[in-house]
Asks: 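Below you'll find the structure I mean.
Proteins come first, then strands; the chains are lettered A, B, ... in the order of their sequence lines, and each starts at number 1. Note that the structure is a prediction, hence the values are computed from the model and not measured.
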Amino acid sequence: MPKFPSINEQMDLIRRGAEEIISEDELIKRLERAEKDEKPLIVKLGCDPSRPDLHIGHAVVLRKLRHFQDLGHQSVLVVGDFTALIGDPSGRNKTRPHLTKDEVDEYAETYIEQAGHILNLETLKIFRNGDWLGAMNFHNVIKLASHYTVARMLERDDFKKRYKSEVPISIHEFLYPLAQAMDSVELNADIELGGTDQKFNLLVGRDLQRDYGQLPQVVITTPLLEGTDGVQKMSKTYENYIGITDTPSEIYGRTMSISDDLIYRYFEFATDVDASALKDVEAELAGSDTNPRDLKRQLAREIVTLYHSSKAAVEAEEAFDRIFIQSDVPHEIEEWNAGSQQVVILSMMCDSNLISSKREARRLIEQGAVTVNGEKITRITEEISLESPVVLKVGKRRFLRVIP
RNA sequence: GGGGAGAUGGCAGAGCGGUCAAAUGCACCAGACUGUAAAUCUGGCGGCGGAAGCCUUCGGUGGUUCGAAUCCAUCUCUCCCCA
């Protein structure tokens, strides 16, 4: 028999890190019903297995799904193996490329594996929407499509923009929200989660469920976390992300490079610190006694701890201090065997694959970005003699130990 | 079905016979300043070469020309207007 925390307790957790709940009243009613019937709510999150590398931006909504698990509800992950073949147009200014079935399968596996860092896979139900969407025939599809109008589709901001700026929109992209909505009907979802960019799709789910005689799902959106640059949303294409499978040092370092204005948001959406700790952060940021850097250090430790361990966090911090505060060389550096006692700097940089082309290596030297054992290299023809291993440093954070 | 416009580097977007490896902005890399923050400033941003220079690139293919991102033909794709 499932037992749930009090409604208030549940609402507190659900609200934390949620952008919008449509609607709270409906949600409370559902929670009450769940308690009365002793039946967990079905909480759905659809995932698009076309970008298998998850970052802490994706983690915001995944952690929300986790919250429902913790509260005793039934979290459901719908792998959009079928919809991935369509490509979600949300937030896009162009049609997504179609994926092949093999790619989707491979990505889905990776996705679930990585999501396992956040979700409890024991109680998670995983479905593939190809199971039902793939079984629909053309007649069913036309019937489904008749539930929505072109005008309503064009209300959607990204479609509207593309339409206005004369960027192509394929017909099949209109089918995407309907397909996703069909998932909700199929599962009779009580709640669907998604990023704010998913709001339209989630609302279509409500409409469709109503048409199918179901109670419309409650929609909960989570914010799109800004990337480390503080401007654009976190995304692999902008190279401003912190990957959840990144090493502790990477996570720590990237967190340290975020803008100050993001500190609070990252605490709020990328960590599990409780409400009172959040208040403290807010107060400290507002006051003048605290150097924001120190809060950022705390934040970086929190995030590393979340995906690795507190031990890893401490180690990452030590390594970070060593490199960036003491300007020292990290303890662990990749090694490369030069196979000779005398090496020209340029070949050292390229043959070891530290730098991808000689052109680039040359530029870096010319710009004074290259040192060997702390000595700046000034000539691109410089020969380095390797009586013993030397440390090659390029830029601020690329290190290589070169062994004769 | 008819008419018109267009496809340029990661993106946006100039160029419209040689001076174009291709303006400008964003992104990115490096340097200065710092808290690997932001902002700012400086340099860079196809490859090979010490350099001169050479090679590959402007949707695909073929052509005109001493010379083509630029002209012509054709193919593929896109947008707009009319039906």
Asks: Using the C1' atom on both, measure G46(B) against C71(B) and round to a whole Å.
Replies: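 To the nearest whole Å, 27 Å.
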
Asks: Considering only the C1' atoms, how many Å lie between G63(B) and C29(B), rounded to the nearest integer?
Replies: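 So the two C1' atoms sit 42 Å from each other.
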
Asks: Say you pick atom P in A22(B) and the same atom in C72(B); how far apart are they, in whole Å?
Replies: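 Result for the P pair: 26 Å, nearest Å.
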
Asks: Does U74(B) have a Watson-Crick or wobble partner in any strand here, with both distances under 3.5 angstrom, and which is it?
Replies: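 U74(B) is paired with G60(B).
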
Asks: G35(B), U36(B), G47(B): which one has an atom nearest the side-chain heavy atoms of Lys296(A)?
Replies: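 Of the options given, the side chain of Lys296(A) lies nearest G35(B).
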
Asks: Using the C1' atoms only, state how far A51(B) lies from C41(B), rounded to an integer number of Å.
Replies: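 Pairwise C1' distance, C41(B) against A51(B), rounds to 31 Å.
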
Asks: Measure the distance from CZ on Arg254(A) to P on A37(B) and round it to the nearest whole Å.
Replies: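 It works out to 15 Å between those atoms.
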
Asks: Could you state the atom-to-atom distance from NZ of Lys233(A) to P of C26(B) in whole Å?
Replies: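 Computing the Lys233(A):NZ to C26(B):P distance gives 22 Å.
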
Asks: Looking at Arg363(A), I'd like to know whether one of its side-chain N or O atoms comes within less than 4.0 Å of OP1 or OP2 on C28(B).
Replies: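 Arg363(A) to C28(B) OP1/OP2: no side-chain N or O under 4.0 Å.
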
Asks: Start at the 5' end of RNA chain B and walk down; is the nucleotide closest to Ile380(A) or to Arg297(A) reached first?
Replies: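 The residue mapped nearer the 5' terminus is Arg297(A).
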
Asks: Which nucleotide sits closest to the side chain of Ile325(A): C79(B), U36(B), G35(B)?
Replies: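 When the side chain of Ile325(A) is considered, U36(B) is the closest of C79(B), U36(B), G35(B).
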
Asks: Taking atom C1' of A38(B) as reference, at what distance in whole Å does atom CG of Asn240(A) sit?
Replies: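 After rounding, the reported distance stands at 15 Å.
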
Asks: Ignoring hydrogens and angles, answer whether the base of G43(B) and the side-chain atoms of Gln367(A) contain a donor-acceptor pair closer than 3.5 Å.
Replies: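 Per atom types, the contact qualifies.
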
Asks: Is the shortest side-chain N/O distance from Ser357(A) to OP1 or OP2 of G47(B) below 4.0 Å?
Replies: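 So the side chain of Ser357(A) is within the cut-off, an N or O lying under 4.0 Å from OP1 or OP2 of G47(B).
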
Asks: Would you measure the distance from the P atom in U36(B) across to the matching atom in C20(B) and give it in whole Å?
Replies: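 Taking atom P in both U36(B) and C20(B), they lie 43 Å apart.
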
Asks: Using whole Å, report how far CD of Glu317(A) lies from C1' of G35(B).
Replies: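 Rounded to whole Å, this separation is 13 Å.
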
Asks: Tell me: CD1 of Ile171(A) to P of U78(B), nearest whole Å?
Replies: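 Going from Ile171(A) (CD1) to U78(B) (P), I get 12 Å.
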
Asks: Evaluate the side-chain proximity of Ile7(A) to Glu35(A): yes if any heavy-atom separation is below 4.5 Å, no if none is.
Replies: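 Heavy-atom side-chain distance check passes, below 4.5 Å.
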
Asks: What's the gap between U78(B) and U24(B) when it is taken at their P atoms, as a whole Å value?
Replies: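 Taking atom P in both U78(B) and U24(B), they lie 33 Å apart.
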
Asks: Quick one about Glu26(A) and Gln217(A) (side-chain donor to acceptor, distance below 3.5 Å, no hydrogens or angles considered), yes or no?
Replies: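 No, no side-chain donor-acceptor pair sits under 3.5 Å.
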
Asks: Would you find a donor on one side and an acceptor on the other, under 3.5 Å apart, between the side chain of Ser309(A) and the backbone of Ala312(A)?
Replies: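 Answer holds: yes.
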
Asks: Check the angle between the aromatic planes of Phe320(A) and Phe324(A) and answer parallel, tilted or perpendicular using the 30° and 60° thresholds.
Replies: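 Rings of Phe320(A) and Phe324(A): tilted, as their planes differ by 30° to 60°.
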
Asks: Could you identify the nucleotide paired to C28(B), looking across every strand shown and requiring Watson-Crick or G-U wobble geometry with both distances under 3.5 Å?
Replies: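 With both distances under 3.5 Å, C28(B) matches G44(B).
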
Asks: Do Asp260(A) and G35(B) share a donor-acceptor pair, side chain to base, under 3.5 Å?
Replies: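 Such a pair exists between side chain and base.
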
Asks: My understanding is that only one of Gln69(A), Lys64(A), Arg63(A) makes a side-chain hydrogen bond (donor to acceptor under 3.5 Å, both in side chains) with His67(A); could you say which?
Replies: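 Among Gln69(A), Lys64(A), Arg63(A), the one meeting side-chain hydrogen bond (donor to acceptor under 3.5 Å, both in side chains) with His67(A) is Lys64(A).
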
Asks: Side chain of Lys358(A), heavy atoms from C-beta onward: which of C48(B), A30(B), U78(B) has the nearest atom to it?
Replies: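 Looking only at heavy atoms from C-beta outward on Lys358(A), the closest nucleotide is C48(B).
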
Asks: Within the structure, does a side-chain N or O atom of Arg362(A) lie under 4.0 Å from either OP1 or OP2 of C48(B)?
Replies: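 Checking Arg362(A) against C48(B): no side-chain N or O falls below 4.0 Å of OP1 or OP2.
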
Asks: Can the ring centroids of Tyr163(A) and Phe159(A) be said to lie less than 6.0 angstrom from one another?
Replies: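 No, too far apart.
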
Asks: What integer number of Å spans the C1' atoms of U70(B) and U57(B)?
Replies: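 After rounding to an integer number of Å, I get 15 Å for this pair.
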
Asks: Is there a Watson-Crick or G-U wobble partner for G1(B) with both distances under 3.5 Å, and which nucleotide is it?
Replies: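 Pair assignment: G1(B) / C82(B).
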
Asks: Taking atom C1' in both C26(B) and C75(B), compute the distance separating them and give it to the nearest angstrom.
Replies: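 The same atom, C1', in both gives a distance of 34 Å.
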
Asks: Once you measure the plane-to-plane angle for Phe4(A) and His73(A), does it fall in the parallel (<30°), tilted (30-60°) or perpendicular (>60°) bin?
Replies: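 Rings of Phe4(A) and His73(A): parallel, as their planes differ by under 30°.
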
Asks: Rounded to whole angstroms, how far apart are CD on Glu360(A) and C1' on G47(B)?
Replies: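 Glu360(A) atom CD is separated from G47(B) atom C1' by 12 Å.
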
Asks: When the nearest nucleotide of RNA chain B is assigned to Arg293(A) and to Gly368(A) on a heavy-atom basis, which residue is associated with the more 5' position?
Replies: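 The residue closer to the strand's 5' end, by nearest nucleotide, is Gly368(A).
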
Asks: Which of these nucleotides, G31(B), U36(B), A37(B), is closest to any side-chain atom of Ser259(A)?
Replies: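 Among the listed nucleotides, the one closest to the side chain of Ser259(A) is A37(B).
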
Asks: With heavy atoms under 4.0 Å as the rule, sort Gly253(A) into base, sugar-phosphate or nothing.
Replies: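 Gly253(A): base contact, heavy atoms under 4.0 Å.
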
Asks: Could you state the NZ-C1' distance from Lys396(A) to C29(B), rounded to the nearest angstrom?
Replies: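 After rounding, the gap between these two atoms is 11 Å.
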
Asks: Quickly work out the Asp294(A) CG to U36(B) P distance and round it to whole Å.
Replies: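 After rounding, the reported distance stands at 11 Å.
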
